[in-house]
Amino acid sequence: MDETNYFQSALSSFVTDAACGGAVRHLADIGYTLDQIVERLDYPASRAKVQRIMMQYLYESHILLREEPSEELFAEKVQFVQEQDAYGRRSMRKISVDQNGQNSVTNASDSTILSQKEKAAQIRAFFWKESVYDRKRDGKLTELLHQKCEKNGVMYSYVSCPFGESENDLYSQYDNTEHDEPGVQREINRAITIAEEKISCLNGRQREYLRGIRWDQPVLYHRLDQRMLEIIGKLYEAGIYSGVSFFAASREKIMIPVK
């Protein structure tokens, strides 16, 4: 891409984000699929540009992760702000920020910033307690995962999603070729057919949600909200899902073998 085209592309993305970025992020946050978001926008943005904004939000808000949930993701983030009372006396107040950086809890004021040694003492090692799901022992998968989510909170519950062959990503593999070449198109159609067969047990909205996400690597990690819980449950019962679930509050990591 030459400099002029790069500038035009960057400008177009900036204009789109300024015009409808807030709406895209809001609709994604309340669970709308990509197609539903595109349909509800007043601004005439392309599906690809809306998807880019949506994907950026999913990653920034930790709804979607590229890597397994880790200590860094759930560790308390501490900031210090300076305050001054009515008599001009200054002190430092420690602020604990949640994992999304959206909510803060103000702790008791402190006259000094914590030393590095004191900060280090607050860090606790993060070890997963691993187990393997067993239907006879643990009962129905969706019921087990639902119980774990209630105990840990949805924001601290994740599941692996091995859906790295969406239509968009299949096409991206052939970015340097002509898609209308017979051999290339046959390969894309074959892979799309296989991917569609794998999720045929899902209802229309569930399939639409998965298609709207750009699965740009073989496995991503999605927050285990109600929709993803139902998707994973259906795929497991159909015998086409195996993966891992993570519950940070109880530090549990449950391997889910194929049924």
Using a 4.5 Å cut-off on heavy atoms from C-beta on, say whether the side chain of [Y] contacts that of [X].
{"X": "Gln217", "Y": "Leu220", "answer": "yes"}
{"X": "Val244", "Y": "Val159", "answer": "no"}
{"X": "Arg40", "Y": "Tyr32", "answer": "yes"}
{"X": "Ser250", "Y": "Lys151", "answer": "yes"}
{"X": "Pro162", "Y": "Tyr241", "answer": "yes"}

At what distance, to the nearest 0.5 angstrom, does [atom1] of [X] lie from [atom2] of [Y]?
{"X": "Ile213", "Y": "Cys161", "atom1": "CD1", "atom2": "SG", "answer": "7.5 Å"}
{"X": "Arg135", "Y": "Lys140", "atom1": "CZ", "atom2": "NZ", "answer": "7.5 Å"}
{"X": "Leu27", "Y": "Leu41", "atom1": "CG", "atom2": "CG", "answer": "6.5 Å"}
{"X": "Ile232", "Y": "Leu141", "atom1": "CD1", "atom2": "CG", "answer": "8.5 Å"}
{"X": "Gln206", "Y": "Leu235", "atom1": "CD", "atom2": "CG", "answer": "8.5 Å"}
{"X": "Ile254", "Y": "Phe247", "atom1": "CD1", "atom2": "CZ", "answer": "5.0 Å"}

Item to complete: I would like to know whether Thr33 and Arg211 meet side-chain contact (heavy atoms from CB on, under 4.5 Å); could you show each step before the answer?
Response: CA-CA 9 Å; Thr33 68; Arg211 293 193 194 107; over 6 Å; no

For the student: nearest non-hydrogen atoms of [X] and [Y], plus distance:
{"X": "His146", "Y": "Gln226", "answer": "ND1-OE1, 4.4 Å"}
{"X": "Ala28", "Y": "Ile37", "answer": "N-CD1, 3.8 Å"}
{"X": "Ser242", "Y": "Pro257", "answer": "CB-C, 3.9 Å"}
{"X": "Ile199", "Y": "Arg207", "answer": "O-CD, 3.3 Å"}
{"X": "Ser245", "Y": "Ile256", "answer": "OG-CD1, 4.2 Å"}
{"X": "Ala45", "Y": "Val50", "answer": "CB-CG2, 3.7 Å"}

Practice prompt. Carefully, step by step, assess Phe163 and Val219 under the rule side-chain contact (heavy atoms from CB on, under 4.5 Å).
Written response: CA-CA 6 Å; Phe163 307 137; Val219 180; over 6 Å; no

Worksheet entry | Asp134, CG: over 12 other non-hydrogen atoms inside 6.0 angstrom | yes

Worksheet item: How far apart are the C-alpha atoms of Asn152 and Ser157, what are their side-chain angles, what is the distance that settles it, and do they pass the side chain to side chain donor-acceptor pair (under 3.5 Å) test?
Response: CA-CA 7 Å; Asn152 289 264; Ser157 305; 5.2 Å; no

Worksheet entry | Lys234 and its side chain to side chain contact (heavy atoms under 4.5 Å, CB included) partner, picked from Leu202, Ile240, Leu229 | Leu202

Practice prompt. Please assess Tyr133 against Leu144 for the test side-chain contact (heavy atoms from CB on, under 4.5 Å), listing each intermediate value before the final yes or no.
Written response: CA-CA 9 Å; Tyr133 168 68; Leu144 173 67; 3.6 Å; yes

Discussion item. Check for me whether Arg66 meets the cation-pi criterion with Tyr59, that is, NZ or CZ under 6.0 Å from the six-membered ring centre and within 45 degrees of the ring axis.
Written reply: yes

Discussion item. Let's go through Glu130 and Lys253 carefully: what are the C-alpha distance in whole Å and the side-chain angles of both, what is the deciding distance for salt bridge (Lys or Arg N to Asp or Glu O under 4.0 Å) to 0.1 Å, and is it a yes or a no?
Written reply: CA-CA 5 Å; Glu130 298 185 2; Lys253 181 177 180 179; 3.8 Å; yes

Discussion item. Test of understanding: clusters of I, L, V, M, F, W, Y form through side-chain heavy atoms closer than 4.5 Å, transitively. Do Ile30 and Val154 belong to the same one?
Written reply: no

Worksheet item: Do you reckon Val132 sits in the same ILVMFWY cluster as Tyr158, going by side-chain contacts under 4.5 Å, direct or chained?
Response: yes

Discussion item. Looking at Arg205 and Glu208, is there a salt bridge between them, counting it only when a charged N and a carboxylate O are closer than 4.0 Å?
Written reply: yes

Worksheet item: Less than 6.0 Å separating the ring centroids of Tyr209 and His222?
Response: yes

Discussion item. Before you tell me yes or no, could you show the steps for Met228 and Arg223 under side-chain contact (heavy atoms from CB on, under 4.5 Å), namely the whole-Å CA-CA distance, both residues' side-chain angles and the distance that decides it to 0.1 Å?
Written reply: CA-CA 8 Å; Met228 191 54 64; Arg223 187 174 289 163; over 6 Å; no

Worksheet item: Would you say Arg47's side chain and Val38's backbone share a donor-acceptor pair under 3.5 angstrom?
Response: no

Practice prompt. Mind telling me whether Trp128 and Phe246 have parallel, tilted or perpendicular rings, with 30° and 60° as the class edges?
Written response: perpendicular

Item to complete: Let me see the working for Gln147 and Glu143 under side chain to side chain donor-acceptor pair (under 3.5 Å), right down to the final yes or no.
Response: CA-CA 6 Å; Gln147 292 170 4; Glu143 293 178 358; 5.4 Å; no

